[in-house]
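Keep in mind the model is a prediction, meaning the values are calculated, not measured.
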Amino acid sequence: VFDALGDEGQFELFLTSGQKEGEETGSGMLSVAGKELKVQRRRIHDTDLLDALGPVEERVGTACYICGVPTMTDQFVEKAKNAEGVDEGNILSEKWW
């Protein structure tokens with residue numbers, strides 16, 4: 001995946017442990033397949049989703065994969081599909097539990 005992205009993409013990883021919204025726990029680095037990834041150890045905010053989708057004029061080519069518990073997944077899939085400039089077919093998701 002990382003080689004396929006090259007300089008044309010980015011990978012953002014948010015890890016949560018069930019903390020309540022507003023309980024920020026920081027960020028760090030994680031080594032995966034020889035690549036260093038920045039990891040946000042907190043819940044995803046609406047602004048994080050919009051930032052990850054990129055500038056409005058470039059969103060048509062953005063693919064977004066959302067994975068998590070159904071309530072979170074449903075909420076973010078809806079927000080992503082309704083974001084200005086997004087091709088709904090590029091919003092993919094997977095639900096846990």
query: Asp87: what forms a salt bridge (charged side-chain N to carboxylate O under 4.0 Å, His left out) with it, not counting sequence neighbours?
result: none
- prompt: By the rule that ILVMFWY residues connect when side-chain heavy atoms come within less than 4.5 angstrom, directly or transitively, which residues belong alongside Val56?
  reply: none
Salt bridge (charged side-chain N to carboxylate O under 4.0 Å, His left out) partners for Lys38, two or more places apart: none
- prompt: So with a 6.0 Å cut-off around CD of Glu57, is the heavy-atom count from everything else above 12?
  reply: yes
- request: For residues Leu49 and Ala80, report the shortest heavy-atom separation together with the two atoms involved.
  value: CD2-N, 3.9 Å
- request: Please name all residues satisfying side chain to side chain contact (heavy atoms under 4.5 Å, CB included) with Glu58, sequence neighbours left out, ordered by chain then number.
  value: Pro55
statement: Sorted by chain and number, sequence neighbours left out, side chain to side chain contact (heavy atoms under 4.5 Å, CB included) with Gln75 holds for Asp46, Lys79
query: How about Asp48 and Arg43: do any of their side-chain heavy atoms sit closer than 4.5 Å?
result: no
- request: Keeping the roles fixed (side chain from Arg59, backbone from Gly54), state whether a donor-acceptor pair exists under 3.5 Å.
  value: yes
query: Distance from Asp51 atom CG to Ile44 atom CD1, nearest 0.5 Å?
result: 12.0 Å
Between side-chain atoms of residues 60-72 and protein atoms elsewhere (two or more places apart, or another chain), which donor-acceptor pairs fall under 3.5 Å?
from  : atom 1 : to    : atom 2 : distance (Å)
Thr62 : OG1    : Leu53 : O      : 3.2
Tyr65 : OH     : Glu94 : OE1    : 2.1

query: How many angstroms lie between CD in Glu36 and CG in Leu30, if you round to the nearest 0.5 Å?
result: 7.5 Å
